[in-house]
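In this text the structure is predicted, and so the values were computed from the model without any measurement. Whatever order the structure lists ligands and atoms in, that order sets their numbers, starting from 1.
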Amino acid sequence: MRVLVAGGAGYIGSHTAVQLAEAGHTPIIADNFANSSPEVITRIESLVGKVEFHEVDLTDRRATAELFASCRPDAVIHFAALKAVGESVERPLDYYETNFGTLFSVLGAMKEAGTKILVFSSSATVYGGDHPPFTEEDEELVALSPYGYTKLASERILTDVAAATDLHIGLLRYFNPVGGHPSGTMGEDPRGIPNNLMPYLSQVAVGRREKLTVFGDDYPTPDGTCLRDYLHVMDLADAHVAALERLAKGDISVRTWNFGTGKGTSVLELREAFEKACGRPIPYEIGPRRAGDRADSWADPSRAEEELGWKASRTIDDMCADSWRWQSMNPRGYGQ
Ligand code: UFG
């Protein structure tokens with residue numbers, strides 16, 4: 001299939017573009033480099049050969065419609081959005097304009113071009129229940145930040161659109177994607193001080209940050225630090241290919257799938273695993289809790305296994321080894 005990867009120069013999008021090509025599909029990447037770099041395209045091409053790339057602002061409806069008219073994709077995987085929870089609290093309007101703007105442009109352009117398949121990036125942040133594991137059937141959904149609200153509301157918008165059209169839509173709820181391509185050529189490259197744990201650990205290991213601050217050790221968990229379901233980005237990239245191929249069968253209107261390993265790992269456990277992977281000490285201190293963090297979150301990933309034949313296969317040690325390979329080979333990320 002010809003697959004438009006909207007936001008394909010970003011962290012998950014770039015790995016998905018590579019796995020699409022490896023699976024025999026043709027990725028067509030669209031990105032405006034708002035939170036990524038042209039170097040990503042070079043790296044993708046070093047792995048899978050020449051790819052079609054378009055520099056487009058996908059909040060621009062006309063430009064998006066022109067893009068679809070010229071490349072006529074069979075399907076879209078829509079990653080193009082802002083994703084930092086804390087920043088979304090400070091700049092809510094930017095989040096609403098960008099995340100809804102790109103969604104509306106893509107839906108409008110799909111209608112005009114007759115594209116029927118859409119895979120959408122949602123997030124485990126929508127789960128509001130007390131106790132994991134979370135299943136797609138859980139009805140207690142929350143939006144704890146403007147970012148979270150864009151994901152929750154986009155799921156609702158897409159559910160309504162699916163009911164009224166002949167589109168085939170997948171809503172993919174990611175838990176905590178980490179790691180990079182096993183070649184060390186691609187990985188996560190946050191701008192400024194990383195908000196997320198794995199890139200922070202990598203930057204301490206490489207000497208860019210002095211030490212990790214663990215946000216709270218008084219949670220009701222075995223070691224007092226938060227539990228999360230970390231998932232290798234290559235497993236997540238494969239999940240997009242599996243969802244796409246399932247939707248292409250044409251019998252699903254809209255379906256939600258969780259993507260995680262089904263296991264919780266604590267902050268201190270991940271720090272220890274990373275120390276082992278990089279062979280360097282990762283100093284840390286215990287700080288106060290971070291506002292908005294929940295104690296624990298992990299997936300029930302059984303629906304994805306039953307319906308898509310997808311199961312996470314990479315371990316926490318693989319995730320740390322690949323994050324470290326990326327960081328050590330590219331100490332300044334895509335800026336080299
Ligand atoms: N943490 C630290 N120190 C740090 C960074 C993080 O102790 O410097 C802790 C956090 O408190 C949390 C854990 O590490 O307990 C994981 O934090 P991340 O920021 O890496 O991940 P989150 O689970 O908070 O958020 C991620 C994505 C969101 C998404 C959410 C879904 O960043 O986009 O998962 O649950 F919405």
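- Two residues are said to be in side-chain contact when any heavy atoms from C-beta on lie closer than 4.5 Å; Ile117 and Met1 meet this criterion.
- Ring geometry for Phe100 against Tyr96 counts as parallel: the plane angle stays under 30°, on a 0 to 90° scale with 60° as the upper cut.
- For ligand 1 and Tyr147, the ligand atoms under 4.0 Å from any heavy atom of the residue are 33 (O), 36 (F).
- In terms of polar-atom proximity, defined here as any N/O pair under 3.5 Å, Arg290 does make such a contact with ligand 1.
- Shown are Val254, Leu247, Leu107, Leu167; of these, the side-chain contact (heavy atoms from CB on, under 4.5 Å) with Leu118 is made only by Leu107.
- For ligand 1, the atoms sitting less than 4.0 Å from at least one non-hydrogen atom of Cys226 are 15 (O), numbered in the order shown with element in parentheses.
- The closest approach between Tyr230 and ligand 1 falls below 4.0 Å for a heavy atom of the residue.
- For atom 23 (O) of ligand 1, the closest heavy atom belonging to the protein is Arg228 NE, 2.7 Å.
- Contact annotation: for Tyr174 versus ligand 1, there are no heavy atoms closer than 4.0 Å.
- Among all protein heavy atoms, the one lying closest to atom 28 (C) of ligand 1 is Val85 CG2, 4.1 Å.
- Contacts between Thr213 and ligand 1 below 4.0 angstrom, taking non-hydrogen atoms only, involve the backbone exclusively.
- Counting protein heavy atoms only, atom 29 (C) of ligand 1 is closest to Ser123 OG, 3.5 Å.
- Of all protein heavy atoms, the one closest to atom 4 (C) of ligand 1 is Phe215 CE1, 3.3 Å.
- Residues His240 and Phe79 bring their aromatic ring centres within 6.0 Å.
- For Tyr127, the closest heavy-atom approach to ligand 1 does not fall below 4.0 Å.
- Summary of contacts: the protein heavy atom closest to atom 20 (O) of ligand 1 is Leu197 N, 2.8 Å.
- Atom OH of Tyr11 and atom OG1 of Thr16 lie 10.5 Å apart (nearest 0.5 Å).
- With respect to atom 34 (O) of ligand 1, the closest heavy atom belonging to the protein is Asn176 ND2, 3.6 Å.
- Ring geometry for Phe175 versus Tyr127: interplanar angle under 30°, hence parallel rather than tilted (30 to 60°).
- Within ligand 1, the atoms closer than 4.0 Å to a non-hydrogen atom of Val214 are 7 (O), numbered from 1 in the order shown.
- No donor-acceptor distance shorter than 3.5 angstrom exists from the side chain of Asp229 to the backbone of Gly260, with no hydrogens or angles considered.
- The closest donor-acceptor contact from the side chain of Asn330 to the backbone of Arg332 lies at 3.5 Å or more, if one exists at all.
- Considering Val267, Asp296, Thr125 only, the shortest heavy-atom separation from atom 35 (O) of ligand 1 involves Thr125.
- A heavy-atom separation below 4.0 Å is not found between Ser297 and ligand 1.
- Checking side-chain atoms of Ser154 against main-chain N and O of Lys151 turns up no donor-acceptor pair under 3.5 Å.
- In terms of the ring-ring contact (aromatic ring centres under 6.0 Å, His included) criterion, Trp298 has no residue partners (sequence neighbours excluded).
- Considering backbone and side-chain N/O of Phe175, none are found under 3.5 Å from N/O of ligand 1.
- With sequence neighbours left out, the ring-ring contact (aromatic ring centres under 6.0 Å, His included) criterion links Phe259 to Trp310.
- Among Asn196, Leu144, Asp293, the residue whose heavy atom sits closest to atom 19 (O) of ligand 1 is Asn196.
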